[in-house]
Each structure stands twice: as C-alpha cells, then as structure tokens.
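Down below is the structure, laid out as structure tokens.
Reminder, nothing fancy here: chain letters follow the sequence lines and each chain counts from 1.
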Number of protein chains: 2
Amino acid sequence: MLRKVSTSAGRRASTPAEDGQHAASAVHDLLASFIRLTPRDMSLTSVSTLSTLNRTGPRRITELAASEGVTQPSVTALVASLVRDGFVERLSDPADRRVVMVAITKEGEAYLRDRRAASTEIFAEAVEKLSAEEAATLTAALPVVERLRDVVDELRSLRQGQAREKRQSEPDA
Amino acid sequence: MLRKVSTSAGRRASTPAEDGQHAASAVHDLLASFIRLTPRDMSLTSVSTLSTLNRTGPRRITELAASEGVTQPSVTALVASLVRDGFVERLSDPADRRVVMVAITKEGEAYLRDRRAASTEIFAEAVEKLSAEEAATLTAALPVVERLRDVVDELRSLRQGQAREKRQSEPDA
DNA sequence: CGAGAACATATAGACAAGTTATATATCCTG
DNA sequence: CAGGATATATAACTTGTCTATATGTTCTCG
C-alpha cells in the first residue's frame, strides 16, 4: 500500500513537485497537530531561545534577537520573564559594559528536558506504532531532518534580514 | 534486514524506543523551527480551525473549541475575525436556535490553498539546499511522515478525550 | 582629548490573541 | 411551566509581540 519505502531506490513516477506537495501537506498538518499539543506555559520563542542558549552557550540580547527572528525589545522582555522564572541569568561583559550576556541556568536546562519530553511524547508514541520498515526509513532520514532544521534556521535569518531592509528602504509604500 | 538502513553508517544497537525519541526530537525541532517561517497574517489557531472546517465541514463553536484545544470565548472571537475576512460564515441551526454553525467559504478554501502553497515553497526552498543524496533520503521518508501525521491525529483525539475527562473530575488540584 | 556618530539595551505605548468569570438566550425535563 | 443545563456572547485581564524612542557606553577622528 504505501509505496515501498526502499531507502532511496524506490522513487518512481512521482515528480519533485508532487513530492513537494505531499511533503508540504504532511508537514503543514503535523505543524497544526504540534501546535495544538504543545504546552502553553511558555511561548515558542522563549523555548527556542532557551534551546539556543543551551546549544550555543551565553549570547547577547541582540544576537538572540537576530537568531530567533524577533525584535530586540521582545528579547529584553522575554529574557526578563525567563529571569523571573529562574531559567536564565543576565551577566555583564567586562569588556563592553553596554552588553548583557544571557546564560541558561541549571533550572533552565531541566525545564528544557522536561518540556521536550512532554512535547515529543506523542510523536515518540506515534513512531512506535509504525512498522519496523517504516521506522527504519524514518531513522535513515533523521540526519537529513536535522540538517533541514539548520537550513530552515538559516532561511529564517536571511528572510528576516531582508524584511527588515525592505521596510527601511520603503518606509510607506 | 530491517535495521540495516545504513545511510549513516555507524548507528547500531538502537532500540525502537530510542529511535522513537530521537525521531520525535528531530521532527519536533524541525517543526518548531519551520513554524516560525510561516506567514504571520493569521494566528495558528485560526489556520488550524479553517483547516478543520475544510476537512470536516461545518461545526459548532463549542465543537471547534474542543477540537482546537482553546476556550469557547476564544473561538467566538476567532470566528468573528474570520467572518470579517470573509473566510467563514455563521449559519444558524433551525433545530436548535442557540447554536451557531461555522462553515468555510470559497474564499476561506482559497486562502488555505495559498497558505499551503506558501508552505510548500518554503519547504522546497529548504530542500533545494540539500545534496541530491540527502534529498533522496528525505523523499523516501515522506510516505512515512504522512503516516506519522495520521497516527498522531489518531493519538491526539484519544488523548483529548482523556484530558477533558480529567479536567472535569479534578477542577483544581 | 573631546564631540558626535554608532551601538546595546531599556522603556513606553499600542495591538492581537489568549484566558477566566459571568451574562444572555434557548432548550429540556419533571 | 419553573428551573437547571447548554450554547454563545461579553467584559476585564494577561501575555507576547511590535514600533518609536530614550539612556548609557564605546568608537572615531580632527
């Protein structure tokens, strides 16, 4: 029934465009599910910020604004609320007293672990219901999925940079 | 045979549960990143609602609140704004004059199509940055992603029933 | 060296999208 | 047909985002 998933061989009469359509629909719908399932106790941007800090270590407010694709005042506010929760701390850079370095705390790391477990629970459960062959195919694609996330991250920075420039050069069209 | 998917060679003695967790995390991160690239002209809940109406036909306000996982007043507001945009209409049920049936319009369907197309485009753009081999691996996994969506949908409906019961029996724990 | 441009963050004010609590209108049931 | 249950609406509040601008720090160059 489902199209013989032999790792990269079985690509038959489907055009890339069709594949793209299918992919987009599936991704689109998974997104919708993801949204409805995700805990609402913290904004996606805050979670993503926490995740970035966890992966890359302490970052400036402005760096976070760029990487998360939100404005600097938003990050200031978001960091303030993460500080209230004890998930990050604000450190000063002795070399430049204007900057605020934001670092994740142990509590922040713990929160991230719990959160991820909760969010992925249903996906993990779903993956277990797949056949062995399906699961294997998915496993084979995992590194690519991770790559794709990096690519998407990159696209977001680019895109937001562009949007920002455009707004500056066309103040009110 | 099954677990020989040696696309990325050195991964051996992984259990299905581990695979599930890993896959879930990877998919989770991709979605979390991708979602912030999608157009912001409408709330995710509204898009999801529109999508539900498109799939299942007209629904009551309260049914939508349940299926989208938001409160009834939120749906009332959200529907009001969709009506302003011309994407849904409010119909009355002759059998029960309390209820409001919400139905998607042609314009709503068109919006949804455009929105999906936009997602496709972004996704395609990201995939184009992968190597041919990576793209092929991903393509092989697409049918599985679609299956995953279906399984997640199924699990979600089960889970929501449970959550609702629980909330009713434990008003304030 | 010092004045002013550039930069990093903070603050203010507005808006959108949720929430809870409650009001209103309709239905159902004994 | 009175009163409880149900479906939706309204009000008041919170949160997260934005733009515009203020404040404090660093850099540059005459």
Side-chain angles (χ1 to χ4, degrees), chain A residues 35-50 58-85 87-103 156 160 163-172, chain B residues 32 35-50 58-85 87-103 164 167-168 171-172:
Chain A
I35 284 313
R36 285 177 289 207
L37 289 169
T38 202
R40 301 228 164 109
D41 60 335
M42 188 186 288
S43 79
L44 288 173
T45 309
S46 294
V47 175
S48 173
T49 300
L50 222 41
R59 283 280 175 271
R60 299 175 169 205
I61 298 273
T62 38
E63 287 175 330
L64 291 174
S67 71
E68 305 306 321
V70 295
T71 63
Q72 170 264 310
S74 298
V75 175
T76 294
L78 166 173
V79 164
S81 121
L82 288 175
V83 167
R84 265 195 303 282
D85 291 337
F87 293 159
V88 304
E89 38 185 14
R90 296 163 49 104
L91 309 172
S92 50
D93 179 352
D96 185 341
R97 294 194 312 195
R98 292 170 303 178
V99 331
V100 173
M101 299 299 289
V102 183
R156 183 176 50 240
Q160 255 136 14
R164 224 161 283 285
E165 281 163 28
K166 193 178 171 192
R167 221 174 293 140
Q168 282 183 341
S169 56
E170 300 171 14
D172 53 351
Chain B
I35 204 167
R36 312 230 307 291
L37 266 181
T38 61
R40 299 279 179 97
D41 59 337
M42 187 184 289
S43 83
L44 295 165
T45 310
S46 294
V47 175
S48 175
T49 300
L50 222 41
R59 282 281 173 272
R60 300 177 169 203
I61 298 273
T62 38
E63 286 175 331
L64 289 174
S67 73
E68 304 309 320
V70 294
T71 61
Q72 169 265 309
S74 296
V75 176
T76 293
L78 166 174
V79 164
S81 119
L82 288 174
V83 167
R84 266 196 301 281
D85 291 338
F87 294 158
V88 303
E89 36 184 17
R90 295 164 49 104
L91 309 171
S92 50
D93 179 352
D96 185 341
R97 293 193 315 196
R98 292 170 303 177
V99 331
V100 174
M101 299 299 290
V102 183
R164 212 155 296 281
R167 219 174 296 143
Q168 283 183 339
D172 54 352

Review point. Where the side chain of Val99(B) is concerned, which of dT8(D), dT17(D), dA10(C) is the nearest nucleotide?
Key: dT8(D)
Check your understanding: OP1 or OP2 of dT9(C) less than 4.0 angstrom from a side-chain nitrogen or oxygen of Thr76(A), does that happen here?
Key -> no
Check your understanding: Over how many whole Å does the gap from Arg98(A) atom CZ to dT26(D) atom P extend?
Key -> 6 Å
Exercise for review: Mind calculating the distance between CE (Met42(A)) and C1' (dT14(D)) to the nearest angstrom?
Suggested key: 16 Å
Review point. Considering only side-chain heavy atoms of Thr62(A), which listed nucleotide, dT17(D), dA8(C), dA10(C), is closest?
Key: dA8(C)
Review point. For the residue pair Asp93(B) and Ala95(B), what are the closest heavy atoms and their distance?
Key: OD1-N, 2.8 Å
Exercise for review: Starting from P on dC7(C), measure out to CD1 on Ile61(A) and report it in whole angstrom.
Suggested key: 18 Å
**Study point:** Side-chain N,O (Ser74(A)) to OP1/OP2 (dC18(D)) below 4.0 Å
**Key:** yes
Revision key, fill the gap. Of the listed dA7(D), dT9(C), dA17(C), the closest approach to the Ser43(B) side chain comes from dA17(C)
Check your understanding: Which sits closer to the 5' end of DNA chain D, Asp96(A) or Ala77(A), going by the nucleotide each is nearest to?
Key -> Ala77(A)
Exercise for review: Find the distance Met101(B):CE to dT8(D):P and express it as a whole number of Å.
Suggested key: 9 Å
Practice item. Please check the phosphate of dT17(D) (OP1 and OP2 only) for any side-chain N or O of Thr71(A) closer than 4.0 Å. Key: no
Check your understanding: So, is Arg60(B) close to the dA7(D) phosphate, meaning a side-chain N or O under 4.0 Å from OP1 or OP2?
Key -> yes
Practice item. Would you kindly check whether a donor in the side chain of Gln72(A) faces an acceptor in the base of dA10(C), or vice versa, at under 3.5 angstrom? Key: yes
Check your understanding: In terms of side-chain heavy atoms, does Ser48(B) have a donor or acceptor partner in Glu68(B) at a distance below 3.5 Å?
Key -> yes
Revision key, fill the gap. Of Leu78(B), Thr45(B), Val75(B), Val70(B), the one forming a side-chain contact (heavy atoms from CB on, under 4.5 Å) with Leu64(B) is Val75(B)
Exercise for review: Quickly work out the Leu82(B) CG to dG18(C) P distance and round it to whole Å.
Suggested key: 10 Å
Review point. Which nucleotide, dT26(C), dT19(D), dT20(C), lies nearest any side-chain atom of Arg97(B)?
Key: dT26(C)
**Study point:** Distance in angstrom units between Leu91(B) CG and dA7(D) C1', rounded
**Key:** 16 Å
**Study point:** Protein-nucleotide distance (Asp41(A), atom CG; dT14(D), atom P), rounded to Å
**Key:** 18 Å
Practice item. May I ask you to say what Ser81(A) touches in the nucleic acid, namely base, sugar-phosphate or nothing, with a heavy-atom cut-off under 4.0 Å? Key: nothing
Practice item. Any chance you could measure Thr76(A), atom OG1, to Ile61(A), atom CD1, to the nearest 0.5 Å? Key: 4.5 Å
Exercise for review: Specify the separation, in whole Å, of atom CD of Glu63(A) and atom P of dC7(C).
Suggested key: 15 Å
**Study point:** Phosphate OP1/OP2 of dG18(C) contacted by Thr45(B) side-chain N/O (<4.0 Å)
**Key:** yes
Practice item. With rounding to the nearest 0.5 Å, note down the distance linking CG in Leu44(A) to CG in Leu44(B). Key: 7.5 Å
Review point. For Val70(B), which contact category applies under a 4.0 Å heavy-atom criterion: base, sugar-phosphate, or nothing?
Key: sugar-phosphate
Review point. Of the nucleotides dA9(D), dT20(C), dG18(C), which one has an atom closest to the side chain of Arg90(B)?
Key: dA9(D)
Point to revise | Met101(B) CE to Glu63(B) CD distance, which is reported to the nearest 0.5 Å | key: 6.0 Å
